[in-house]
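One structure is given below, encoded as structure tokens.
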Amino acid sequence: MHSLPIFVRLRGRRVILVGDGEAADAKRRLLERAGAVVVREDGSAWPEAAGSSANEAQGDGSSGTESPLPPLLAIVVDDEAAVARLKAARVLVNAVDRPDLCDFTLPAIIDRDPVIVAVGTGGASAGLAAALRQRLETLLPTSLGRLADALFAARGAWRTRYPDSANRRRAIAAALAPGAVYDPLQPESTLGTPPEHDGPLDRSVVEMTLHSDDPDDLTLRQARLLANADRVCHSPDVPTAILNRARADADRAVCDTVPVDLPGLTIHVRMA
């Protein structure tokens with residue numbers, strides 16, 4: 001990965017915005033939507049941001065009598081000198097339309113609060129990110145946020161039903177699977193609590209023989225299995241690009257003999 005995607009809580013934190021015009025105004029609106037206190041490089045408030053409470057800056061870790069913490073982030077429009085000054089001050093900088101100068105980039109966003117889906121290209125093509133966002137907007141229902149809130153509220157019920165964390169994760173994954181009660185794209189319910197009836201927890205092993213080292217040649221079934229695997233056993237010649245299609249926290253091991261009777265889904269991958 002060229003970048004590590006993270007979500008930053010900016011409510012009440014000061015963020016520097018350098019520049020003017022439509023591009024700067026668009027970034028200001030985005031920052032304010034996230035609750036940031038938008039300031040200029042000299043620390044003064046943006047006139048357009050006067051409607052957002054300046055007192056919110058106390059949310060950045062200061063009390064009313066202390067100096068606020070210095071900004072950690074800055075967005076700069078068409079000002080390389082400002083980029084250099086801010087980087088020298090150890091501020092992380094997004095230079096609009098200059099990915100070579102960026103410490104971080106801003107993704108295209110699909111907002112189903114509290115679910116946020118971000119699409120980034122590392123600055124390669126904002127247009128491509130926007131096109132992907134538009135496609136995803138049509139796929140993700142408005143009920144997604146309600147489902148997330150309900151699952152959060154039901155955490156105690158899930159812990160009571162499944163005290164073991166691994167079993168609990170697998171049960172939640174089963175409830176969220178395609179066609180299941182909490183299928184995120186077509187949920188039968190947004191109640192969020194453990195289903196009244198569920199089957200035995202999976203202890204399956206799936207053999208997968210690949211004929212191409214290109215991950216784009218994976219079938220939909222193969223991609224789905226890798227994405228849901230608890231562990232991936234593979235021959236040494238399986239490319240990393242294929243293995244990276246598995247869940248990031250799935251166990252990986254080079255093995256000739258596939259382990260059996262382990263909880264969850266085990267995928268054995270080998271090249272033809």
Side-chain angles (χ1 to χ4, degrees), residues 1-8 92 94 99-100 102-110 112 115-137 139-140 144 148 165-180 182-185 201-260 262-272:
M1 293 190 299
H2 57 73
S3 304
L4 176 66
I6 62 173
F7 291 90
V8 182
L92 296 176
N94 169 260
D100 54 314
C102 287
D103 297 310
F104 68 97
T105 56
L106 296 174
I109 296 169
I110 302 96
R112 299 289 186 271
V115 177
I116 300 172
V117 179
V119 180
T121 64
S125 173
L128 175 59
L132 290 171
R133 178 191 64 77
Q134 291 163 9
R135 293 285 186 90
L136 291 171
E137 285 280 8
L139 294 175
L140 301 180
L144 199 56
S165 61
N167 287 344
R168 183 167 62 251
R169 180 184 58 75
R170 284 189 283 272
I172 293 173
L176 292 166
Y182 298 138
D183 178 345
L185 300 187
L201 292 176
D202 190 18
R203 288 176 178 267
S204 59
V205 176
V206 176
E207 297 277 353
M208 186 181 297
T209 301
L210 304 179
H211 297 271
S212 169
D213 59 4
D214 186 345
D216 288 339
D217 290 334
L218 292 169
T219 66
L220 290 176
R221 179 176 181 274
Q222 289 170 335
R224 185 166 59 247
L225 285 168
L226 284 169
N228 287 283
D230 293 282
R231 67 196 56 81
V232 178
C233 300
H234 60 92
S235 57
D237 57 343
V238 175
T240 301
I242 297 287
L243 299 175
N244 285 344
R245 292 297 179 96
R247 261 192 13 242
D249 60 344
D251 292 332
R252 295 186 193 179
V254 177
C255 55
D256 296 320
T257 303
V258 184
V260 295
L262 292 176
L265 174 61
T266 300
I267 305 295
H268 183 218
V269 186
R270 59 185 178 181
M271 303 303 296

Next item on the list: Output all residues satisfying side-chain hydrogen bond (donor to acceptor under 3.5 Å, both in side chains) with Ser3, sequence neighbours left out; order by chain, then residue number.
Entry: none
Next item on the list: Please identify each residue that fulfils side-chain contact (heavy atoms from CB on, under 4.5 Å) with Ile116, with sequence neighbours left out.
Entry: Phe7, Ile109, Asp111
Just distance, no hydrogens or angles: give the donor-acceptor pairs under 3.5 Å from side chains in residues 123-136, sequence neighbours left out.
unit_1: Ser125; atom_1: OG; unit_2: Leu128; atom_2: N; d: 3.0

Taking only distance into account, with no hydrogens and no angle test, what donor-acceptor pairs under 3.5 Å do side-chain atoms of residues 221-229 form with protein atoms, sequence neighbours excluded?
unit_1: Gln222; atom_1: OE1; unit_2: Thr219; atom_2: N; d: 3.0
unit_1: Gln222; atom_1: OE1; unit_2: Thr219; atom_2: OG1; d: 3.4
unit_1: Asn228; atom_1: ND2; unit_2: Arg224; atom_2: O; d: 2.8

Next item on the list: Could you list all the salt bridge (charged side-chain N to carboxylate O under 4.0 Å, His left out) pairs where at least one residue sits in residues 209-218, not counting sequence neighbours?
Entry: Asp216-Arg245
Notebook entry, point to check: With sequence neighbours excluded, what pairs up with Asp251 under the side-chain contact (heavy atoms from CB on, under 4.5 Å) test?
Noted result: Arg231
Note to self: So, using salt bridge (Lys or Arg N to Asp or Glu O under 4.0 Å) as the criterion, who are the partners of Arg252 when residues are at least two apart?
What the structure shows: none
Notebook entry, point to check: How would you list, by chain and number, every residue that makes a side-chain contact (heavy atoms from CB on, under 4.5 Å) with Leu4, sequence neighbours excluded?
Noted result: Met1, Ile6
Check: Looking at residues at least two apart in the chain, or sitting in another chain, which of them share a side-chain contact (heavy atoms from CB on, under 4.5 Å) with Ala148?
Finding: Pro114, Val115
Checklist line | salt bridge (Lys or Arg N to Asp or Glu O under 4.0 Å) partners for Asp256, two or more places apart | finding: none
Next item on the list: Not counting sequence neighbours, which residues clear side-chain hydrogen bond (donor to acceptor under 3.5 Å, both in side chains) with His268? List them please.
Entry: Glu207
Next item on the list: Please name all residues satisfying side-chain hydrogen bond (donor to acceptor under 3.5 Å, both in side chains) with Asp183, sequence neighbours left out, ordered by chain then number.
Entry: none
